[in-house]
Structure formats: structure tokens, C-alpha cells
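Notes follow the structure.
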Amino acid sequence: MNESNETAATFPRLTRAWLLKSLLEVVVVCVAITTAAFAFFNPMVRGAITQADAVSVRGWVSNTRSTTSVQLQLFIDNRFASASQLGSEGQFTFSYPPLAAGTHTAQVYLVNDGFGRAFALIPIARRPATFTVAR
Amino acid sequence: MNLSGRALNFAEVASVCSSILMAEWALAPFAFAGEWMIAGPPLIALVFMIYSHYQRHETAQLLGFGASHFARALRLLAAPTFIAICALLLLDFFMHSPHSPQRASTRFALLPLWALLQQYALLGFIYRRLRAASSARNAIIVASVIFSLLHAPNYILMILTLVGALIWTTVYERAPNLFAPALSHVLLSIVVFVTVPDSLLPSMAVGYNYLQFL
């Protein structure tokens, strides 16, 4: 097999290129992961749960990255309870059969889609709403 | 920091392999946000490899992108390629399992280019750098194992590529040409697509993307 010809300058230049390549790859990976994180976890979703009780959850949601309708999902005590379709922003109301007595949590998630097989559920409120149903 | 000649050869190989692994494992899960994400590190690696050839005064002809050694390489590859094809046809004859649509949808039109690119990376770069730092036997074994590991965790593909790489690197040592191994690669890939049953090879995917087929 034929051998290559190297000069004295070859090794320092290739070493620098090797370091530059590593640095560039770190940048590319950071950009890729950041882009993916923004797309998947959509930080532009805003919303709040304004009322939660034994039979309903109300609130509002806004998704400034989308002008199409959004799908919302309600989770009571971390379990799926209901789904609803809404405009890109507005008020929502979920109604459900009366809950058992005790303390419950409610969180509403926006379904972030458009990634092929993958979906992301983004909570509209920073914390789940906690409420108590009396006997 | 300046690396010695031998260390630099190994560092170059490790760097190119890490770029490929980065795309296969670290970035593939984020491909939903854009397929371009996977292409970044391999493209950087390709630019680096070309720059390395330029710095070492390795011409395209020297790497094997030419007519020289083509006929000899083809003669050397004919027998092992034919035997491998016969073995795969025999496997199909005895197992005759159905094949999945995922595999059938593989872009056959791009296969020659893809095979040539893989042969260039394996022989024109990885093997050449390892050969410059070690004996032919060691370089053949290490390059083949690396090529196989880059196809993890698709274990059937790992076995097939290990055998293929051992043949291609051995022939490249004696007749440094890239088109003949690429031709062998294309033929064997097509036969693998057609013959190896789904139960053994559900997909040609590698890295993170293969995990969905387990």
C-alpha cells in the first residue's frame, strides 16, 4: 500500500484541526440539543388553572408559537381524566363526575405534536392545582 | 499541544469514529426536530478527513479513487464476495422468512454512493491511519472491529460488517482501490436485503434508531 508524505508542519496543523473539530462538534451538539429542547418542550406555552373543584377544572392557555388549535389533556391525581380541543388561546373548562372526598391535584397539559411519532405533554401551570373535596 | 505521528493517527481515527457514534447515539433521539441534526458531526468529520489527506499529500488516486488496482482488487474480491452471496442465498433457502416493509423502503438508488462513502471511511481513512501506525495484520483486525462496532447494536449487521470489513481491508492492503470494494459492498447489501429474514435482521438501522426494532 502506498504511504503518504508528511512534512514537519503536518503534525501541528493536524493537531490543531483535530482540536478545532472537537470544539465544533461540541457547538453542533449544543445547538442541536437546544433546538430540540425548544421544539419539544415549547417554552412559549402560557396558562393557568383558575378554578378546580369536585366536578370541574377551569383556566386559560396561550401558545404563541402556534396559530392552529391546541389539544389539552386534564390529569387528576396524575391520571388522565379528559381531553379537549381549543383555539390557539382561550378559556377551557373540563367537567367530570364528582370526585371522591379528600385532597386531589389537577394539572392541564398542552399536547405538543409535529415530531413524527413523538408527542410532548407540556404543563400549562408551573404547579398542579391542589384542592380538597369535602364529604 | 502537538501529538506524535503514531498518536495522531490513532487520535484521527478515534475522532472520526466519535463523530459517527455521536450522530448514531447522541443526536438520533433528537431527529424529530430536524434530520439535519444528525448530519452535523459526520459532515465535520468528512471535512476533517479531507483536510488530513491534504496535509499528508494523499491524492484521490492514492486513496483508491481511480482506475489503478481496480482490476486486481476486483479479482481478489470476486471469490469471497461470491462465497458470501452463496452463503446468504443458502440461508434464505433454508429459512425463507418474509421481509419487512421498512427494509424494502431502503433507498436502493443511493446505495452505490453510500457504499463508496463507507468504503472511503473504512479503507481510505480509518484503515490507512491504523496501517501507518501498526502492522497490516493489526490494522486489518482493528479497522474491521471498529467498522463492526459502528453498526451496534444491530448484532446481525455487526457480524456481517465484521466479515465484510475483514475481506475489504485485506484486499485493500494488496490492491488499494475503493470502487471494487464498494461494488462488493453494494452486491452484498442487496443480497442481505433480499435474503436475511426479518427475524434476524428487522432493520438496517444502527445506533439509537435500531432500539425501536428490539
Side-chain angles (χ1 to χ4, degrees), chain A residues 1-45 63-68 70-71 73 88 109-123, chain B residues 1-5 7-9 11-12 14-16 18-19 22-23 26-27 29-45 47-59 61-64 68-69 123 127-129 131-132 136 139 169 172-176 212:
Chain A
M1 204 177 74
N2 294 323
E3 296 303 321
S4 57
N5 300 312
E6 287 122 8
T7 64
T10 303
F11 296 143
R13 283 178 184 163
L14 280 176
T15 304
R16 281 198 294 275
W18 177 70
L19 290 170
L20 180 65
K21 172 185 174 292
S22 305
L23 186 68
L24 267 177
E25 281 176 342
V26 170
V27 172
V28 166
V29 168
C30 288
V31 169
I33 290 175
T34 306
T35 306
F38 268 77
F40 200 66
F41 298 110
N42 189 357
M44 305 314 289
V45 172
N63 179 17
T64 55
R65 281 186 64 191
S66 172
T67 53
T68 57
V70 294
Q71 191 186 337
Q73 292 190 359
S88 64
Y109 294 87
L110 181 142
V111 179
N112 201 26
D113 59 1
F115 315 112
R117 295 179 304 118
F119 285 84
L121 291 182
I122 303 170
Chain B
M1 184 177 82
N2 281 337
L3 296 174
S4 71
L8 185 60
N9 282 313
E12 285 185 59
S15 180
V16 167
S18 72
S19 301
M22 210 179 284
L27 295 180
F30 301 106
F32 63 80
E35 293 287 337
W36 60 269
M37 288 188 177
I38 301 177
L43 279 178
I44 293 170
V47 172
F48 175 73
M49 289 193 287
I50 292 168
Y51 181 73
S52 174
H53 295 312
Y54 170 74
Q55 282 299 325
R56 291 171 186 267
H57 307 286
E58 292 172 315
T59 62
Q61 191 77 23
L62 190 69
L63 296 175
S68 60
H69 303 290
L123 304 172
Y127 179 72
R128 285 189 74 86
R129 293 293 170 269
R131 182 69 182 88
T169 47
Y172 187 77
E173 172 64 28
R174 294 167 69 181
Q212 62 188 294

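The sequence lines fix the lettering, A, B, ..., with proteins before strands; numbering per chain opens at 1.
- In terms of heavy-atom pairs under 4.5 angstrom with chain B, the leader among Ser22(A), Ala9(A), Ala17(A) is Ala17(A).
- Considering only residues two or more places apart in sequence or on other chains, Leu43(B) meets the side-chain contact (heavy atoms from CB on, under 4.5 Å) condition with Ala39(B).
- Expressed to the nearest 0.5 Å, how far OG1 of Thr10(A) lies from OH of Tyr54(B) amounts to 10.5 Å.
- Listed by first and then second residue, the salt bridge (Lys or Arg N to Asp or Glu O under 4.0 Å) pairs that reach into residues 36-45 of chain A come to none, sequence neighbours excluded.
- Pairing each heavy atom of Val28(A) with each of Pro41(B), the nearest pair is CG1-CD, 4.0 Å.
- Here the CG-CD1 distance, from Leu24(A) to Ile44(B), works out to 5.0 Å after rounding to the nearest 0.5 Å.
- For Ala45(B), the parts lying near chain A are the backbone and the side chain together; criterion is any non-hydrogen pair under 4.5 Å.
- In terms of heavy atoms, Ala36(A) sits closest to Phe30(B) at CB-CD2, 3.5 Å.
- A donor-acceptor contact shorter than 3.5 Å links the side chain of Trp18(A) to the backbone of Ala11(B).
- Interface remark: Ser19(B) contributes backbone and side-chain atoms alike to the contact with chain A (heavy atom separation under 4.5 Å).
- The minimum heavy-atom distance linking Leu8(B) with Leu14(A) is given by the pair CD2-CB, 3.5 Å.
- In this structure, Met49(B) CE and Lys21(A) NZ are separated by 9.0 Å, a value rounded to the nearest 0.5 Å.
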